[in-house]
There are 2 protein chains.
Amino acid sequence: MTYSEENYLKAIYHLSLSQKQGVNTNAIAAMVESKASSVTDMIKKLAEKELVIYQKYQGVSLTEHGLLAAKMIVRKHRLWEVFLVEKLDFSWDEVHDVAEELEHIKSEKLINKLDAFLGFPTEDPHGDPIPDKNGNIVKVEKQLLSEFEIGQTGICVGVKDSSSSFLQYLDKQQIALGSKIKIIAKESFDMSLTIEVEKKQMIISNKIASNLFAKIVL
Amino acid sequence: MTYSEENYLKAIYHLSLSQKQGVNTNAIAAMVESKASSVTDMIKKLAEKELVIYQKYQGVSLTEHGLLAAKMIVRKHRLWEVFLVEKLDFSWDEVHDVAEELEHIKSEKLINKLDAFLGFPTEDPHGDPIPDKNGNIVKVEKQLLSEFEIGQTGICVGVKDSSSSFLQYLDKQQIALGSKIKIIAKESFDMSLTIEVEKKQMIISNKIASNLFAKIVL
DNA sequence: ATAAATTTTTAGATTTGCCTAAATTTTAAT
DNA sequence: ATTAAAATTTAGGCAAATCTAAAAATTTAT
């Protein structure tokens with residue numbers, strides 16, 4: 001598989017997680033930063049290789065084979081992210097672009113040895129699950145902080161948006177994966193939240209709360 | 001720089017180490033496994049980018065800029081090889097192909113952090129020198145085992161041929177970097193050598209001896 | 001239900017890196 | 001010094017991945 005085919009496959013995979021139907025041409029184009037016409041071309045190629053199912057004008061979906069291939073790319077991406085953060089001391093907002101390149105290195109042996117070297121992690125530095133060598137994914141029950149009730153406490157376990165600006169905001173506020181967060185109050189006007197993290201109270205906007213995953217405790 | 005440009009640059013670098021004159025088109029074609037006409041095309045492109053100096057029919061040589069770029073690719077290749085052997089437990093005959101891919105990952109930060117993680121190694125698993133971040137190379141005085149005199153002792157410090165068949169032969173004979181080798185006798189008919197390694201005597205052909213580097217001791 | 005807007009596909013080009021075959025230049029041999 | 005051989009370059013083409021612009025299909029709105 002080419003570099004480009006892998007990127008399309010990965011885009012289709014990510015889009016299909018948040019869509020029941022076939023994935024739209026335009027959505028793929030936006031994700032891979034190309035044009036709809038380029039997407040149509042590539043989809044045809046992927047369909048010929050039986051990685052996706054394609055019906056003109058009806059969007060695409062992954063075949064079983066395509067799904068596994070996509071998961072293996074995601075697996076590589078996330079394992080490399082763990083490596084960069086845990087071993088090379090990158091911060092969580094710096095790893096994405098490098099991992100985008102590393103994910104295309106073709107060696108099963110490499111990735112399985114890397115997995116072992118890292119101690120078979122199940123989540124990447126942003127809390128996203130790492131598929132195992134068979135494509136199995138451990139699902140953690142978690143919900144957006146914006147969906148928490150007043151008085152509830154959660155442990156931060158992931159981010160929805162992993163843009164560096166958001167991640168740097170969290171660093172600045174000293175919110176990290178593992179932080180214990182208690183919902184103190186919710187402003188009904190703008191849905192901003194007053195929360196308590198490590199004894200300190202702060203106010204976060206609804207946009208922030210809608211991009212932070214936590215699991216309920218207590 | 002593209003993947004392909006990097007491979008050509010690296011080929012020119014390797015070839016120019018064992019040639020004073022400009023590097024031949026055909027030699028490059030053999031090294032990158034393409035055709036002479038493709039080489040001519042690429043050379044023109046590299047010349048336009050001022051990475052090489054090119055005069056029709058006269059071969060190419062690297063500019064200062066091109067030399068540094070080539071060294072940085074070699075640096076990445078060899079650092080990744082160290083990583084694969086030291087951290088991921090690959091054997092020295094398995095690392096080349098994966099490193100050929102990894103060497104193209106574009107991140108100075110990555111490679112410098114990897115360098116630090118590995119403890120700033122100066123040689124790769126085959127004894128080849130690793131350029132530092134400025135392109136400086138530590139030269140070790142070493143000579144081919146075939147050039148040793150009878151009675152001399154050397155420490156094996158590198159291989160000239162790093163094909164997996166040769167490396168596997170060395171593994172089988174329990175010759176590794178660091179092995180102490182004494183020349184017991186030399187057969188004038190075929191230049192084969194009787195050597196002593198770790199108390200054991202064995203005979204190696206001239207071809208083997210011509211691909212093993214050692215530094216003289218005692 | 002039909003027209004308008006949107007989405008998707010097709011058609012035709014472009015760029016990169018490669019090829020084959022032919023032409024040119026250089027090198028080697030007599 | 002010519003000629004033959006080898007090396008190199010040029011010319012013309014191909015496949016992959018992309019694009020723009022135009023055509024076709026689908027969806028939305030009135």
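Atoms considered below: every heavy atom in the structure, side chains included; atoms not considered: hydrogens, waters and symmetry mates. Every chain is numbered from 1 and lettered A, B, ... according to where its sequence line falls, protein lines coming before strand lines. This is a predicted model, so every value here is computed, not measured.
No side-chain heavy atom of A/Phe213 sits under 4.5 Å from any side-chain heavy atom of A/Val159.
With a 6.0 Å cutoff to the six-membered ring centre and a 45° limit on the axis angle, A/Lys113 counts as a cation-pi contact of B/Phe90.
Rounded to whole Å, atom C1' of D/dT9 lies 10 Å from atom CD1 of B/Ile43. Summarising the geometry, the separation between CE on B/Met42 and C1' on D/dT10 is reported as 17 Å, rounded to the nearest angstrom.
The aromatic rings of A/Phe117 and B/Phe117 stand perpendicular to each other, their planes meeting at an angle above 60°, with 30° marking the opposite boundary. Note: B/Phe83 and A/Trp80 have tilted aromatic rings, judged against thresholds of 30 and 60 degrees for the angle between ring planes.
Contacts of residues 54-62 of chain A with DNA chain C (heavy atom under 4.0 Å): A/Tyr54, A/Lys56, A/Tyr57. Using a 4.0 Å cutoff on non-hydrogen atoms, the parts of residues 3-12 of chain A near DNA chain D are A/Ser4, A/Tyr8, ordered by number. Within a heavy-atom distance below 4.0 Å of DNA chain C, the residues of residues 22-35 of chain B found are B/Ser34, B/Lys35.
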Show the atom names and distances, to 0.1 Å, of all donor-acceptor pairs under 3.5 Å that link a side chain in residues 32-43 of chain B to residues at least two apart or in another chain.
residue: B/Ser34; atom: OG; partner: B/Tyr8; partner atom: OH; Å: 3.1
residue: B/Thr40; atom: OG1; partner: B/Ala36; partner atom: O; Å: 3.2

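In terms of phosphate contacts, A/Ser38 brings no side-chain nitrogen or oxygen within less than 4.0 Å of OP1 or OP2 of D/dT18. In terms of phosphate contacts, B/Lys44 brings no side-chain nitrogen or oxygen within less than 4.0 Å of OP1 or OP2 of D/dT9.
Counting only distance, with no hydrogens or angles, the side chain of A/Gln173 and the backbone of A/Leu170 share no donor-acceptor pair below 3.5 Å.
In summary, the side chains of B/Ser165 and B/Gln168 do not present any donor paired with an acceptor at a separation below 3.5 Å, with no hydrogens or angles considered.
Using a 4.0 Å cut-off between charged side-chain N and carboxylate O, A/Glu103 and A/Arg75 make no salt bridge. Between A/Lys10 and A/Glu100 a salt bridge is recorded (basic side-chain N to carboxylate O distance below 4.0 Å).
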Do any N or O atoms of the protein come closer than 3.5 Å to N or O atoms of nucleotides 11-16 of chain D, and which pairs are they?
none

Q: Start with the C-alpha distance between A/Glu81 and A/His126, add both sets of side-chain angles, then the distance that settles side-chain hydrogen bond (donor to acceptor under 3.5 Å, both in side chains), and finish with yes or no.
A: CA-CA 9 Å; A/Glu81 285 195 343; A/His126 314 108; 3.2 Å; yes

Q | Test side-chain hydrogen bond (donor to acceptor under 3.5 Å, both in side chains) applied to B/Gln19 and B/Ser16, step by step | A | CA-CA 5 Å; B/Gln19 268 194 222; B/Ser16 60; over 6 Å; no

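The salt bridge (Lys or Arg N to Asp or Glu O under 4.0 Å) pairs that include a residue from residues 118-146 of chain B are B/Arg78-B/Asp124, where partners are two or more places apart or lie in different chains.
Minimum interatomic distance between B/Asn134 and B/Leu68 (heavy atoms only, all atoms of both residues): O-CD1, 3.6 Å.
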